[in-house]
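Notes to accompany the following structure.
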Amino acid sequence: MIHAVYPGSFDPVTNGHIDIILRARRIFEDLTVAVACNPSKTNLFTPAERVEMIREVVRTIDAEVHVDSFNGLLVNYAKTIGAAVIVRGLRALSDFEFEYQLSLMNRRLQPDIQMVYLMSGADVTYLSSGLVKEVASLGGDISELVPDAVKHRLLQRLGK
Ligand code: ADP
(Lines give C-alpha, C1' and ligand atoms only; values in the text may rest on other atoms or scores of the structure.)
Protein backbone atom coordinates (compact mmCIF):
# COMPACT_ATOMS: atom_id res chain seq x y z
CA MET A 1 0.00 0.00 0.00
CA ILE A 2 1.52 3.31 -1.07
CA HIS A 3 1.08 6.23 1.30
CA ALA A 4 0.65 9.57 -0.50
CA VAL A 5 0.53 13.10 0.86
CA TYR A 6 -1.42 15.95 -0.77
CA PRO A 7 0.04 19.20 0.59
CA GLY A 8 -1.14 22.78 0.14
CA SER A 9 -2.30 25.97 1.80
CA PHE A 10 -6.01 25.09 1.54
CA ASP A 11 -6.97 28.63 2.59
CA PRO A 12 -9.75 27.53 2.38
CA VAL A 13 -10.36 24.13 0.76
CA THR A 14 -12.31 24.49 -2.52
CA ASN A 15 -14.18 22.12 -4.82
CA GLY A 16 -10.97 22.03 -6.90
CA HIS A 17 -9.01 20.57 -3.96
CA ILE A 18 -11.82 18.09 -3.28
CA ASP A 19 -11.70 16.94 -6.90
CA ILE A 20 -7.97 16.20 -6.49
CA ILE A 21 -8.52 14.46 -3.10
CA LEU A 22 -11.11 12.14 -4.66
CA ARG A 23 -8.90 11.37 -7.66
CA ALA A 24 -5.86 10.75 -5.45
CA ARG A 25 -7.91 8.50 -3.20
CA ARG A 26 -8.77 6.31 -6.19
CA ILE A 27 -5.09 5.67 -6.75
CA PHE A 28 -3.71 5.70 -3.20
CA GLU A 29 -5.50 3.87 -0.39
CA ASP A 30 -3.53 5.74 2.19
CA LEU A 31 -3.79 9.50 1.66
CA THR A 32 -2.86 12.36 3.97
CA VAL A 33 -4.05 15.88 3.16
CA ALA A 34 -1.50 18.16 4.78
CA VAL A 35 -1.95 21.86 5.49
CA ALA A 36 1.31 23.79 5.14
CA CYS A 37 1.96 26.18 8.03
CA ASN A 38 3.91 28.69 5.98
CA PRO A 39 4.50 31.80 8.09
CA SER A 40 5.64 33.83 5.07
CA LYS A 41 2.17 33.56 3.47
CA THR A 42 -0.70 35.63 4.78
CA ASN A 43 -3.67 33.35 5.19
CA LEU A 44 -7.27 34.10 6.13
CA PHE A 45 -7.59 30.97 8.28
CA THR A 46 -5.19 29.51 10.83
CA PRO A 47 -3.71 26.08 10.08
CA ALA A 48 -5.99 24.57 12.77
CA GLU A 49 -9.07 26.12 11.15
CA ARG A 50 -8.00 24.89 7.70
CA VAL A 51 -7.47 21.36 9.05
CA GLU A 52 -10.87 21.46 10.75
CA MET A 53 -12.64 22.57 7.55
CA ILE A 54 -10.97 19.83 5.47
CA ARG A 55 -11.90 17.22 8.11
CA GLU A 56 -15.51 18.39 8.03
CA VAL A 57 -15.63 18.27 4.24
CA VAL A 58 -14.00 14.84 3.81
CA ARG A 59 -16.48 13.46 6.33
CA THR A 60 -19.40 14.63 4.20
CA ILE A 61 -17.96 13.18 0.98
CA ASP A 62 -17.11 9.91 2.72
CA ALA A 63 -13.48 10.01 1.69
CA GLU A 64 -11.20 8.11 4.02
CA VAL A 65 -8.22 10.38 4.34
CA HIS A 66 -6.01 11.65 7.14
CA VAL A 67 -5.82 15.40 7.63
CA ASP A 68 -2.78 16.94 9.24
CA SER A 69 -0.62 20.08 9.19
CA PHE A 70 3.12 20.48 8.95
CA ASN A 71 5.93 22.97 9.40
CA GLY A 72 9.15 23.14 7.46
CA LEU A 73 10.24 21.21 4.41
CA LEU A 74 7.55 19.17 2.70
CA VAL A 75 9.91 16.32 1.79
CA ASN A 76 11.02 15.99 5.41
CA TYR A 77 7.41 15.86 6.54
CA ALA A 78 6.62 13.24 3.86
CA LYS A 79 9.55 11.13 5.02
CA THR A 80 8.46 11.42 8.68
CA ILE A 81 4.96 10.11 7.99
CA GLY A 82 6.26 7.42 5.62
CA ALA A 83 4.76 8.88 2.43
CA ALA A 84 6.51 7.76 -0.77
CA VAL A 85 4.45 10.02 -3.04
CA ILE A 86 3.55 13.71 -3.06
CA VAL A 87 0.37 14.53 -4.97
CA ARG A 88 -0.15 17.96 -6.49
CA GLY A 89 -2.95 19.28 -8.67
CA LEU A 90 -2.39 20.90 -12.04
CA ARG A 91 -4.63 23.57 -13.42
CA ALA A 92 -3.67 25.42 -16.57
CA LEU A 93 -0.20 25.97 -17.93
CA SER A 94 0.32 28.61 -15.26
CA ASP A 95 0.80 25.95 -12.56
CA PHE A 96 3.27 23.96 -14.62
CA GLU A 97 6.37 26.12 -14.34
CA PHE A 98 6.21 26.43 -10.55
CA GLU A 99 5.33 22.76 -10.05
CA TYR A 100 8.12 21.67 -12.37
CA GLN A 101 10.62 23.68 -10.32
CA LEU A 102 9.18 22.33 -7.07
CA SER A 103 9.36 18.76 -8.30
CA LEU A 104 13.02 19.02 -9.33
CA MET A 105 13.97 20.69 -6.05
CA ASN A 106 12.10 18.06 -4.04
CA ARG A 107 13.81 15.31 -6.01
CA ARG A 108 17.17 16.85 -5.24
CA LEU A 109 16.31 17.05 -1.54
CA GLN A 110 14.75 13.61 -1.28
CA PRO A 111 15.33 11.43 -4.39
CA ASP A 112 13.21 8.51 -3.16
CA ILE A 113 9.98 10.50 -2.98
CA GLN A 114 7.99 10.75 -6.22
CA MET A 115 5.80 13.68 -7.23
CA VAL A 116 2.50 12.75 -8.92
CA TYR A 117 0.42 15.39 -10.72
CA LEU A 118 -3.31 15.08 -11.23
CA MET A 119 -5.56 17.20 -13.45
CA SER A 120 -8.87 18.27 -11.95
CA GLY A 121 -12.21 18.13 -13.77
CA ALA A 122 -12.96 20.85 -16.34
CA ASP A 123 -15.76 22.20 -14.13
CA VAL A 124 -13.40 23.10 -11.28
CA THR A 125 -10.07 23.58 -13.00
CA TYR A 126 -10.26 27.39 -12.90
CA LEU A 127 -10.78 27.46 -9.12
CA SER A 128 -8.26 28.73 -6.61
CA SER A 129 -8.66 29.66 -2.95
CA GLY A 130 -7.53 33.19 -3.80
CA LEU A 131 -10.17 33.66 -6.48
CA VAL A 132 -12.90 32.26 -4.25
CA LYS A 133 -11.92 34.67 -1.44
CA GLU A 134 -11.93 37.58 -3.87
CA VAL A 135 -15.36 36.73 -5.30
CA ALA A 136 -16.78 36.20 -1.78
CA SER A 137 -15.35 39.47 -0.50
CA LEU A 138 -16.96 41.32 -3.41
CA GLY A 139 -20.35 39.77 -2.70
CA GLY A 140 -20.39 37.15 -5.48
CA ASP A 141 -22.09 33.79 -5.06
CA ILE A 142 -19.59 31.05 -4.15
CA SER A 143 -22.14 28.27 -3.57
CA GLU A 144 -20.86 26.18 -6.47
CA LEU A 145 -17.20 26.78 -5.69
CA VAL A 146 -16.79 25.53 -2.11
CA PRO A 147 -18.68 23.11 0.16
CA ASP A 148 -21.47 24.69 2.25
CA ALA A 149 -19.55 24.46 5.52
CA VAL A 150 -16.64 26.36 3.99
CA LYS A 151 -18.95 28.94 2.44
CA HIS A 152 -20.44 29.79 5.85
CA ARG A 153 -17.05 30.03 7.56
CA LEU A 154 -15.68 32.18 4.75
CA LEU A 155 -18.60 34.62 4.69
CA GLN A 156 -18.44 34.88 8.48
CA ARG A 157 -14.69 35.55 8.42
CA LEU A 158 -15.17 38.21 5.75
CA GLY A 159 -17.93 39.80 7.82
CA LYS A 160 -20.59 39.13 5.17
P1 ADP B 1 -0.31 26.03 -2.59
O2 ADP B 1 -0.35 27.29 -1.78
O3 ADP B 1 0.67 25.02 -2.13
O4 ADP B 1 -0.34 26.23 -4.09
P5 ADP B 1 -3.10 25.44 -2.74
O6 ADP B 1 -3.97 25.25 -1.55
O7 ADP B 1 -3.32 26.65 -3.57
O8 ADP B 1 -1.65 25.32 -2.20
O9 ADP B 1 -3.19 24.16 -3.66
C10 ADP B 1 -2.71 22.91 -3.25
C11 ADP B 1 -2.56 22.04 -4.47
O12 ADP B 1 -3.81 21.86 -5.09
C13 ADP B 1 -1.64 22.62 -5.54
O14 ADP B 1 -0.97 21.55 -6.16
C15 ADP B 1 -2.60 23.25 -6.51
O16 ADP B 1 -2.06 23.31 -7.81
C17 ADP B 1 -3.75 22.27 -6.44
N18 ADP B 1 -5.03 22.88 -6.81
C19 ADP B 1 -5.66 23.91 -6.19
N20 ADP B 1 -6.82 24.20 -6.81
C21 ADP B 1 -6.91 23.33 -7.85
C22 ADP B 1 -7.87 23.12 -8.90
N23 ADP B 1 -8.95 23.87 -9.01
N24 ADP B 1 -7.61 22.14 -9.78
C25 ADP B 1 -6.50 21.38 -9.68
N26 ADP B 1 -5.56 21.52 -8.74
C27 ADP B 1 -5.76 22.49 -7.83
Side-chain angles (χ1 to χ4, degrees), residues 3-28 31-58 61 63 65-79 81 83-107 109-110 113-137 140-151 153-154 157-158:
H3 185 179
V5 57
Y6 174 36
S9 306
F10 303 105
D11 187 50
V13 62
T14 70
N15 289 348
H17 294 124
I18 294 164
D19 179 291
I20 297 294
I21 292 172
L22 290 171
R23 283 174 206 279
R25 191 58 189 74
R26 286 171 73 173
I27 307 172
F28 306 105
L31 179 70
T32 298
V33 179
V35 170
C37 306
N38 187 347
S40 65
K41 272 194 179 178
T42 34
N43 291 300
L44 193 59
F45 296 97
T46 66
E49 288 172 328
R50 286 179 267 154
V51 165
E52 201 181 302
M53 278 188 277
I54 300 169
R55 287 212 174 113
E56 205 172 324
V57 168
V58 295
I61 56 171
V65 301
H66 313 280
V67 188
D68 194 11
S69 60
F70 71 99
N71 286 289
L73 271 183
L74 168 61
V75 284
N76 291 349
Y77 169 73
K79 193 94 184 158
I81 62 165
V85 169
I86 294 171
V87 172
R88 297 281 289 173
L90 274 185
R91 283 163 287 201
L93 287 179
S94 52
D95 275 340
F96 180 77
E97 183 128 13
F98 173 72
E99 295 292 341
Y100 188 56
Q101 248 184 339
L102 183 72
S103 114
L104 292 181
M105 181 54 79
N106 282 343
R107 190 178 288 166
L109 295 167
Q110 202 59 259
I113 292 181
Q114 301 304 318
M115 304 284 298
V116 168
Y117 291 92
L118 297 175
M119 258 77 109
S120 53
D123 52 334
V124 292
T125 195
Y126 65 96
L127 283 182
S128 69
S129 301
L131 192 57
V132 169
K133 284 185 279 193
E134 195 173 333
V135 170
S137 71
D141 183 15
I142 54 162
S143 306
E144 311 269 292
L145 318 181
V146 292
D148 271 354
V150 174
K151 176 183 157 185
R153 305 267 296 246
L154 186 52
R157 181 58 47 96
L158 294 170

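When a ligand or atom number is given, it counts from 1 through the structure's own listing order. Not measured: the values here are computed from a predicted model. For the single chain, residues carry numbers from 1 onward in sequence order.
What you find for V57 and V150 is that their closest heavy atoms are CG2-CG2, 3.9 Å.
A distance below 6.0 Å separates the ring centres of F10 and H17.
Protein residues with a heavy atom closer than 4.0 Å to ligand 1 are Y6, P7, G8, S9, F10, G16, H17, I20, K41, R88, G89, L90, R91, D95, E99, S120, V124, T125, L127, listed by chain and number.
In terms of modelled atom types and a separation under 3.5 Å, the side chain of N43 and the main chain of F45 share no donor-acceptor contact. For the pair N71 (side chain) and N38 (backbone), a donor-acceptor distance under 3.5 Å is absent.
For the salt bridge (charged side-chain N to carboxylate O under 4.0 Å, His left out) with D11, the qualifying choice from R153, R157, K133, K41 is K133, the only one to do so.
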Which donor-acceptor pairs under 3.5 Å do the side chains of residues 86-96 make with protein atoms, sequence neighbours left out?
from, atom 1, to, atom 2, distance (Å)
R88, NE, E99, OE1, 3.0
R88, NE, E99, OE2, 3.1
R88, NH1, P7, O, 3.1
R88, NH2, E99, OE2, 2.8
R91, NE, D95, OD2, 2.8
R91, NH1, L127, O, 3.1
R91, NH2, D95, OD1, 3.4
D95, OD2, R91, N, 2.8

